Amino acid sequence: MSLDARYPSLKDRVVLVTGGGSGIGAGIVEHFCDQGARVSFIDIDRPAAESLLARIAAKGQPAPRFIPGDLRDIAALQAAIARVGKEDGPIRALVSNAANDDRHKIEDVTVDYWENRMQVNLRHQFFAAQAVRPQMRAAGGGSIVNFGSISWMNAEADCIAYVTAKSAVGGLTRGLARELGREGIRVNCVVPGWVMTERQLKLWVTPEGERQMDENQCLPGRLQPSDVARMVLWLAADDSRMCSSQNFIVDAGWT
């Protein structure tokens with residue numbers, strides 16, 4: 001029997017997750033499905049998304065809707081949001097999770113690469129909120145959960161464009177929260193620490209990285225996608241109805 005909290009308000013709630021095919025995003029999709037929400041997710045990686053769909057089906061849960069898409073294509077993002085609203089009803093929870101933390105040296109950054117990193121890590125979060133606003137307003141409110149990162153708080157090296165974009169998510173969140181709050185729309189930012197996704201384990205988690213986590217985290221152990229997903233569930237549910245314009249850090253006490 002699962003010991004996870006149950007949120008009655010999430011039952012049948014229409015939810016959209018960006019970057020939901022793998023990593024933290026996949027964990028978020030799985031947790032919303034377990035709550036009985038009506039979930040759609042956008043991802044560029046079709047094989048990863050299909051693997052997620054198979055895992056959820058194996059649990060006997062209703063399958064989420066997978067919408068293939070590149071979030072750099074804002075018109076396609078807007079069309080996906082409109083489609084979900086038309087077919088499932090108004091989106092009440094938007095989780096802007098998609099990002100890419102590829103490492104790069106300052107001297108190697110070109111104008112095109114910089115623009116690409118802003119598109120992948122920041123721009124789509126604004127335009128997703130803009131597109132979902134009319135649906136949430138018509139429904140009497142909703143919850144937007146943006147995704148930041150502790151990387152800029154910790155002044156991490158070798159990813160200057162990424163940390164710049166992620167630091168801007170905090171300002172975006174607070175600005176949206178102020179403008180949309182009177183419409184019953186809450187906007188918060190989840191700030192994950194170093195989460196042990198397949199990508200992180202494959203590319204970045206080294207013995208030196210393991211020592212770094214042991215030295216810097218207040219809590220022992222390793223962050224999992226489920227640890228972040230549980231925070232997202234709470235922010236999407238009515239239990240957090242008076243929480244907005246905040247950063248919710250899930251990093252085992254690193255920052």
Side-chain angles (χ1 to χ4, degrees), residues 16-29 40-49 51-52 66-81 84 94-132 144-176 187-205 225 228-229 232 247 250:
L16 176 65
V17 181
T18 68
S22 62
I24 295 173
I28 292 168
V29 169
S40 294
F41 69 97
I42 303 171
D43 205 283
I44 197 171
D45 187 342
R46 183 181 289 273
S51 177
L52 172 62
F66 165 46
I67 304 175
D70 184 336
L71 291 167
R72 293 173 296 181
D73 184 343
I74 298 302
L77 170 61
Q78 292 167 332
I81 290 171
V84 173
L94 167 67
V95 184
S96 288
N97 156 79
N100 184 292
D101 64 346
D102 279 351
R103 307 309 196 248
H104 48 272
K105 299 292 187 181
I106 289 176
E107 59 269 24
D108 295 332
V109 174
T110 64
V111 171
D112 286 345
Y113 183 79
W114 181 270
E115 294 296 334
N116 178 273
R117 294 299 87 184
M118 297 305 116
Q119 292 171 14
V120 169
N121 294 305
L122 173 64
R123 187 178 71 169
H124 64 86
Q125 297 202 31
F126 168 78
F127 284 102
Q130 181 192 63
V132 82
I144 296 173
V145 181
N146 295 326
F147 261 72
S149 167
I150 66 166
S151 59
W152 70 270
M153 298 177 180
N154 293 341
E156 292 183 9
D158 296 333
C159 53
I160 185 67
Y162 175 76
V163 299
T164 299
K166 284 302 185 179
S167 68
V169 174
L172 171 65
T173 297
R174 290 182 67 83
L176 287 172
V187 190
N188 291 288
C189 182
V190 169
V191 185
W194 199 349
V195 181
M196 300 295 98
T197 64
E198 182 179 349
R199 171 182 167 82
Q200 296 299 314
L201 290 168
K202 179 180 179 181
L203 295 178
W204 317 122
V205 178
V228 181
V232 173
N247 288 321
V250 185

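Worth saying up front: this structure is predicted, and the values here are computed from it rather than measured. Heavy atoms only: backbone and side chains are in, while hydrogens, waters and symmetry mates are out.
- Taking CD from Q78 and CD from Q130, the interatomic distance works out to 6.5 Å, rounded to the nearest 0.5 Å.
- Residues passing the ring pair (Phe, Tyr, Trp, His ring centres under 6.0 Å) test with F126: none are found, sequence neighbours excluded.
- The CG atom of L122 sits 15.0 Å away from the CZ atom of F147 when rounded to the nearest 0.5 Å.
- A131 approaches I81 most closely through the heavy-atom pair CB-CD1, 3.7 Å.
- The distance from atom SG of C159 to atom CD1 of I106, rounded to the nearest 0.5 Å, is 10.5 Å.
- No donor-acceptor pair closer than 3.5 Å links the side chain of R46 to the backbone N or O of P68.
- Residue A98 comes nearest to H124 through the heavy atom pair O-NE2, 3.1 Å, listed as atom of the first residue, atom of the second, then distance.
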Can you check side chain to side chain contact (heavy atoms under 4.5 Å, CB included) on I144 and Q125, steps first, answer last?
-> CA-CA 10 Å; I144 296 173; Q125 297 202 31; over 6 Å; no

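- The closest side-chain heavy-atom distance from P192 to V228 is below 4.5 Å.
- Partner of V187 under the side-chain contact (heavy atoms from CB on, under 4.5 Å) criterion, chosen from L94, V145, T173: T173.
- Here CH2 of W204 is found 13.0 Å from CE of M196. Values are rounded to the nearest 0.5 Å.
- Looking only at side-chain heavy atoms (C-beta outward), V195 and Q200 stay at 4.5 Å or farther from each other.
- Put simply, CD on Q119 and CH2 on W114 are 13.0 Å apart, with the number rounded to the nearest 0.5 Å.
- Contact check for L71 versus I42: side-chain heavy atoms found under the 4.5 Å cut-off.
- Contact of the V120 side chain with the Y162 side chain is not registered, since no non-hydrogen atoms from C-beta on lie closer than 4.5 Å.
- Between A165 and N121, the closest heavy-atom pair is CB-CB, 3.6 Å.
- Taking the six-membered ring for Trp and thresholds of 30 and 60 degrees, F66 and F41 have nearly parallel ring planes, at less than 30 degrees apart.
- Looking at heavy atoms from C-beta onward, K105 lies in side-chain contact with D158 at the 4.5 angstrom threshold.
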Take Y113 and D102 through the test side chain to side chain contact (heavy atoms under 4.5 Å, CB included) and record every step on the way to the result.
-> CA-CA 11 Å; Y113 183 79; D102 279 351; 4.1 Å; yes

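- You'll find the side chain of N146 stays beyond 4.5 Å of the side chain of N188, heavy atoms only.
- Contact annotation: the side chain of V191 approaches that of M153 to within less than 4.5 Å [non-hydrogen atoms, C-beta and beyond].
- Taking every heavy atom of both residues into account, G20 and D43 meet most closely at N-OD2, 3.4 Å.
- Summarising the geometry of N97 relative to G25, their closest heavy-atom pair is ND2-CA, 3.4 Å, with the distance given to 0.1 Å.
- For the pair R199 and D101, the salt-bridge criterion is met [side-chain N within less than 4.0 Å of a carboxylate O].
- Annotation: the span from I67 atom CD1 to T18 atom OG1 amounts to 11.5 Å, rounded to 0.5 Å.
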What's the verdict on side chain to side chain contact (heavy atoms under 4.5 Å, CB included) for V132 and L16, showing C-alpha distance, side-chain angles and the deciding distance?
-> CA-CA 10 Å; V132 82; L16 176 65; over 6 Å; no

May I have the step-by-step check of side chain to side chain contact (heavy atoms under 4.5 Å, CB included) for V205 and W194, ending in yes or no?
-> CA-CA 9 Å; V205 178; W194 199 349; 3.8 Å; yes

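- The two residues G27 and A229 have their closest heavy-atom pair at O-CB, 3.7 Å.
- Two residues are said to be in side-chain contact when any heavy atoms from C-beta on lie closer than 4.5 Å; N100 and R117 meet this criterion.
- The backbone N or O of I160 sits less than 3.5 Å from a side-chain atom of T164, completing a donor-acceptor pair.
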